[in-house]
Amino acid sequence: MYRAHVLVCGGTGCTSSGSAQIIQALKDEIKKNGLENEVAVVKTGCHGLCAEGPVMIVYPEAVFYSQVKPEDVEEIVSEHLLKGRVVERLVYHEAKRSDGSVSSLNETTFYKKQHRIALRNCGVINPESIDEYIGTGGYEALGKVLTEMTPDEVIQTILDSGLRGRGGAGFPTGLKWRFASGNRGNVQKYVCCNADEGDLGAFMDRSVLEGDPHVVLEAMAIAGYAIGASQGYIYVRAEYPIAVERLHIAIDQAREYGLLGKDIFGSGFDFDIDLRLGAGAFVCGEETALMTSIEGNRGEPRPRPPFPAVKGLFGKPTILNNVETWANIPQIILNGPEWFASMGTEKSKGTKVFALGGKINNTGLVEIPMGTTLRTVIEDIGGGIPNGKKFKAAQTGGPSGGCIPAEHIDIPIDYDNLISIGSMMGSGGLIVMDEDTCMVDIAKFFLQFTVDESCGKCTPCRVGTKRLLEILEKITDGRGTLEDIDKLEELCYYIKENAQCGLGQTAPNPVLSTLRYFRHEYEEHVVNKRCPAGVCKKLITFKIDPIKCKGCTLCARNCPADAIEGAIKTAHHIDNSKCIKCGTCIEKCRFGAIYKE
């Protein structure tokens, strides 16, 4: 037994910030002080508060250290682990009480309004240890369904829970399983996991795979039993090397323990799982394109019907759910459908994981009950907008979603509410924007992504999105007309109605939502040839206020285009024929003398 455990985040975010070096330094320092039999170092998945990484939690005190550096390790070991003194300068600022004591992380605003189901083990266990997963109740749900429940009872449990697919469309999970459940034992069937998370700013599925890979394996085996499938495939993008490595480890461990393979739990049920790596094509997040890619072909969508539950992977009945959906299944089986259905709203049960990013203080991974308001997420959990700026909009659903304006900040977040205001849940990316964001530029940004990611199979998507982008570029360049705005809107609806798959059908959403709530910004670009947010370079001019300018020459010395003129201690001037509008001068000016208009 160890007297202390030091949990260090080993997710992608903290790894990129040097957590691997911190873990090694910890092990070296613990050995140096003869504590290897007293203190255990555990590499976990994501703790959620990514903005504060690398992060570390020391138990049993549950002290949360943030922004830890390798050079801090010696002090942590000598002071905290040896002498029992908390290193106050490294404690997360919100965990410090006024009396000098340290509060639990669950008491901070970032965590106290969350409810973790899909993320329950992330940041808690070593994801590379099947024993730790089993120690938290892992594989109990699989044992329960194989020894106590019929396949139809499993499906009814998922139906009664109200769980809807967390990949974006929100289709009832139990209904999908029921459609594929016929002819058990007589037809080869497949269970697939969509881990090809491609939405801009989204990292929910990656974090679950990195922090709790066994939960996905267990859930897929449960689904295999429910529909009568013997083989599963996890389609994960190759750009997720840590997730891929931990999935490989988890699959090997589950096979070794007899939890994958032949005659699981002595029940006669056979089920195994293999990985397939994607090359990062956004369109392969669409279920039929994903299955086509698993088959070894170019990832392009197929017409529906027939739906995958009837004719999917290799022409056989197939169910596909995303990582977050799978992560809920074992807990629903263990706690009952009523438990899950008691959370959330009438039509959107349970919780939802969001990757919170953009202009927000607490960037990170959050899991909230459905029906939580956007204001709660931004102001309480997210800690508000940096630098005293005003909240302008939030983008949900990535390139397939839309922008939620400030006027709807009190809307409860669920599937139907978001659709009603022109956005959508998507897989869970939530990008916050402040008053300095140009909404026309945002629409253009998402269209650029969609144009690049279109598979090109159907004309409305291949050609239509390109035409949308050209009109947006024309507007942001100052060459647009009011007729272009009307044409933009008309083309959006044409693409939505005629594109073959979900990528093309939802591609116009960012344009339509910004037109709906921020049409005045489009008109300002077109009529007055001005970008109100000062973002579109061809519509802004950099100027120097002669009263504020002290003639320090710092701006001129740093200008890469030699566009700033003026003698020492005299007001400077910008030659706009040379200015490339890079913004370096504004960053360097100490007196606030340079501005955009």
Side-chain angles (χ1 to χ4, degrees), residues 198-201 282-283 358 392-405 419 421-424 426 429 431 433 435-541 580-581 596:
D199 280 4
L200 299 165
F282 181 63
V283 73
K392 185 173 187 177
Q395 165 77 15
T396 62
S400 304
C403 294
I404 305 170
I419 289 173
I421 59 171
S423 187
M424 65 182 292
I431 301 173
M433 292 166 273
E435 60 193 271
D436 293 334
T437 304
C438 171
M439 304 312 294
V440 186
D441 183 67
I442 284 292
K444 185 175 74 170
F445 171 76
F446 283 108
L447 254 294
Q448 287 170 331
F449 179 84
T450 305
V451 167
D452 288 341
E453 294 294 337
S454 172
C455 74
K457 187 174 183 179
C458 74
T459 303
C461 180
R462 182 184 69 249
V463 179
T465 56
K466 181 65 175 174
R467 296 292 87 82
L468 282 180
L469 179 59
E470 288 171 354
I471 296 173
L472 286 169
E473 288 174 337
K474 185 178 177 184
I475 291 173
T476 57
D477 285 351
R479 299 179 288 111
T481 64
L482 291 174
E483 289 75 19
D484 285 324
I485 298 177
D486 295 333
K487 189 187 299 182
L488 193 68
E489 193 165 19
E490 180 184 357
L491 184 53
C492 282
Y493 286 112
Y494 176 84
I495 296 170
K496 284 181 72 70
E497 293 167 4
N498 293 281
Q500 179 177 325
C501 82
L503 187 152
Q505 292 162 8
T506 59
N509 285 352
V511 180
L512 287 172
S513 66
T514 51
L515 278 171
R516 178 176 177 178
Y517 296 111
F518 301 97
R519 183 178 286 264
H520 60 280
E521 287 199 25
Y522 283 83
E523 293 170 346
E524 189 74 11
H525 281 69
V526 166
V527 176
N528 295 322
K529 308 301 179 187
R530 175 178 171 269
C531 176
V535 172
C536 300
K537 287 187 176 181
K538 293 191 178 180
L539 298 179
I540 59 175
T541 302
I580 60 173
K581 302 170 185 178
K596 295 181 287 186

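- Without hydrogens or angle criteria, Glu473 side chain to Thr476 main chain gives no donor-acceptor distance under 3.5 Å.
- The distance from the CG atom of Asp452 to the CG atom of Leu447 is 10.5 Å, given to the nearest 0.5 Å.
- Between the CZ atom in Phe282 and the OG1 atom in Thr450 there is a gap of 6.5 Å [rounded to 0.5 Å].
- Distance OG1/Thr396 to CD1/Ile404: 4.0 Å, rounded to 0.5 Å.
- For the pair Asn509 (side chain) and Ser400 (backbone), a donor-acceptor distance under 3.5 Å is present.
- Looking at every heavy atom in both residues, Pro510 comes nearest to Gly398 through CG-O, 4.5 Å.
- Contact between Ala393 and Phe518 at its shortest, heavy atoms only, is CB-CZ, 4.1 Å.
- Interatomic distance, Leu512 CG to Leu488 CG, rounded to the nearest 0.5 Å: 8.0 Å.
- Between Gln395 and Cys403 the shortest heavy-atom distance is OE1-SG, 3.1 Å.
- In this structure the side chain of Met439 never reaches within 4.5 angstrom of the side chain of Pro405, judged on heavy atoms.
- Inter-residue side-chain proximity for Phe446 and Leu469 is flagged as unmet; no heavy-atom pair is nearer than 4.5 Å.
- With no hydrogens or angles considered, no side-chain donor-acceptor pair links Lys392 and Thr437 at under 3.5 Å.
- Ile495 and Pro460 make their closest contact through CG1-O, 3.7 Å (heavy atoms, listed as atom of the first residue, atom of the second, distance).
- For the atom pair CG (Leu482) and OH (Tyr522), the distance works out to 14.0 Å, reported to the nearest 0.5 Å.
- For the atom pair SG of Cys461 and CD of Gln500, the computed distance is 10.0 Å after rounding to the nearest 0.5 Å.
- Asp484 places a side-chain N or O within 3.5 Å of a backbone atom of Thr481 that can act as its donor or acceptor partner.
- Residue pairs meeting the salt bridge (charged side-chain N to carboxylate O under 4.0 Å, His left out) criterion with at least one partner in residues 488-515, sequence neighbours excluded, are Glu489-Arg519.
- Contact annotation: the side chain of Leu472 approaches that of Val440 to within less than 4.5 Å [non-hydrogen atoms, C-beta and beyond].
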Donor-acceptor pairs under 3.5 Å, side chain of residues 524-540 to any protein atom, not counting sequence neighbours: which ones?
| from | atom 1 | to | atom 2 | distance (Å) |
| --- | --- | --- | --- | --- |
| Glu524 | OE1 | Asn528 | ND2 | 3.1 |
| Glu524 | OE2 | Asn528 | ND2 | 3.2 |
| Glu524 | OE2 | Arg530 | NH1 | 3.1 |
| His525 | ND1 | Glu521 | O | 2.6 |
| Lys529 | NZ | Gly478 | O | 3.1 |
| Lys529 | NZ | Gly480 | O | 3.0 |
| Lys529 | NZ | Val526 | O | 3.1 |

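- Evaluation of the salt bridge (charged side-chain N to carboxylate O under 4.0 Å, His left out) test over residues 457-472, restricted to residues two or more places apart or in two chains, returns Arg467-Glu470.
- Between Val283 and Ser454 there is no side-chain heavy-atom pair separated by less than 4.5 Å.
- Of all non-hydrogen atoms in Ser423 and Gly402, the two that sit nearest each other are OG-O, 3.1 Å.
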